[in-house]
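Single-structure report; data block below.
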Amino acid sequence: MSGKDTLTKKQEWLNRLEKEGRLKTNPTEDHKIGLQTMQNPTRRKILKMLNNNSLSVVEIGDNLSLNSSMAKFHVEMLENALYVDRVENSEPLMYQISPRGEAFLENVEET
């Protein structure tokens with residue numbers, strides 16, 4: 001994906017989050033939530049798993065030997081911190097990495 005495509009994708013994602021009311025108004029709070037979320041190694045593994053794949057909570061749990069409630073807990077934390085997004089109209093419900101999650105892997109974590 002070219003730099004222009006990446007910027008367009010990110011802007012569309014931000015516009016959608018703003019429309020849905022999911023953007024945090026306080027940057028300090030947003031940073032704190034993101035930092036707390038990504039300190040957990042299991043959530044970093046989930047983000048890496050979603051880097052090129054869309055997966056369900058069950059698939060994530062199976063891959064990491066987590067029960068369904070723990071897998072759901074970690075995925076919901078990643079979603080709340082805007083590192084993953086739900087795949088619209090997917091059955092079962094699937095999750096994919098967000099532009100923020102991609103940036104984290106690119107800038108912080110070795111993939």
Side-chain angles (χ1 to χ4, degrees):
M1 191 177 290
S2 73
K4 185 176 181 181
D5 292 340
T6 302
L7 287 175
T8 301
K9 180 181 172 184
K10 182 179 177 184
Q11 191 58 52
E12 289 171 354
W13 176 72
L14 287 170
N15 290 341
R16 183 173 48 83
L17 291 178
E18 185 173 19
K19 188 176 178 182
E20 294 171 359
R22 292 179 53 205
L23 284 179
K24 311 285 186 280
T25 56
N26 182 340
T28 302
E29 179 186 347
D30 180 57
H31 182 73
K32 180 181 175 185
I33 290 169
L35 181 61
Q36 288 173 338
T37 299
M38 297 316 297
Q39 284 180 334
N40 185 285
T42 299
R43 290 191 280 274
R44 292 193 305 269
K45 287 177 187 175
I46 292 169
L47 202 60
K48 288 178 186 179
M49 289 170 44
L50 294 173
N51 194 27
N52 293 311
N53 303 302
S54 295
L55 299 170
S56 70
V57 170
V58 171
E59 293 169 319
I60 291 166
D62 288 348
N63 282 316
L64 296 175
S65 300
L66 298 171
N67 65 41
S68 61
S69 64
M70 283 307 296
K72 184 176 180 184
F73 170 78
H74 288 299
V75 170
E76 285 178 349
M77 284 201 68
L78 287 164
E79 184 180 20
N80 182 53
L82 307 177
Y83 288 100
V84 302
D85 290 318
R86 294 176 184 195
V87 176
E88 292 184 31
N89 303 319
S90 60
E91 188 61 41
L93 181 58
M94 305 290 277
Y95 290 87
Q96 64 190 6
I97 194 167
S98 71
R100 184 181 201 174
E102 291 171 346
F104 176 85
L105 291 180
E106 183 180 317
N107 295 305
V108 179
E109 191 76 17
E110 284 188 35
T111 55

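Nothing fancy with the numbering, it's 1 onward along the sequence. Nothing here was measured: the structure is a model prediction, and the numbers come from that model.
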Please check if the side chain of Asn63 supplies one atom and the backbone of Glu59 the other of a donor-acceptor pair under 3.5 Å.
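At least one qualifying donor-acceptor pair exists.
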
Minimum heavy-atom distance between [X] and [Y], given as atom pair plus value:
X     : Y     : answer
Ser69 : Asn67 : OG-OD1, 2.9 Å
Met38 : Arg44 : O-NH1, 2.9 Å
Val84 : Val75 : CG2-O, 3.9 Å
Ser68 : Val57 : O-CG1, 4.0 Å
Asn40 : Thr42 : OD1-N, 2.8 Å
Pro92 : Ser56 : CG-CB, 4.3 Å

Return the CD to CG distance between Glu102 and Asn52, rounded to the nearest 0.5 Å.
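So the gap between those two atoms works out to 9.0 Å.
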
What distance do Ser98 atom OG and Leu50 atom CG have between them, rounded to the nearest 0.5 Å?
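Interatomic distance, Ser98 OG to Leu50 CG, rounded to 0.5 Å: 10.0 Å.
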
Could you tell me whether the side chains of Asn80 and Glu76 share a donor-acceptor contact shorter than 3.5 Å?
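Short answer, no.
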
Does Asn107 CG have over 12 foreign heavy atoms under 6.0 Å away?
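More than 12 within 6.0 Å, yes.
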
Just checking Glu20: does its CD atom have more than 12 heavy atoms from other residues, nucleotides or ligands closer to it than 6.0 angstrom?
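Yes, enclosed.
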
Please name all residues satisfying side chain to side chain donor-acceptor pair (under 3.5 Å) with Glu79, sequence neighbours left out, ordered by chain then number.
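So Glu79 forms a side chain to side chain donor-acceptor pair (under 3.5 Å) with Arg86.
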
State which residues pass ring-ring contact (aromatic ring centres under 6.0 Å, His included) with Tyr83; sequence neighbours excluded, sorted by chain then number.
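Residues passing ring-ring contact (aromatic ring centres under 6.0 Å, His included) with Tyr83: Phe104.
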
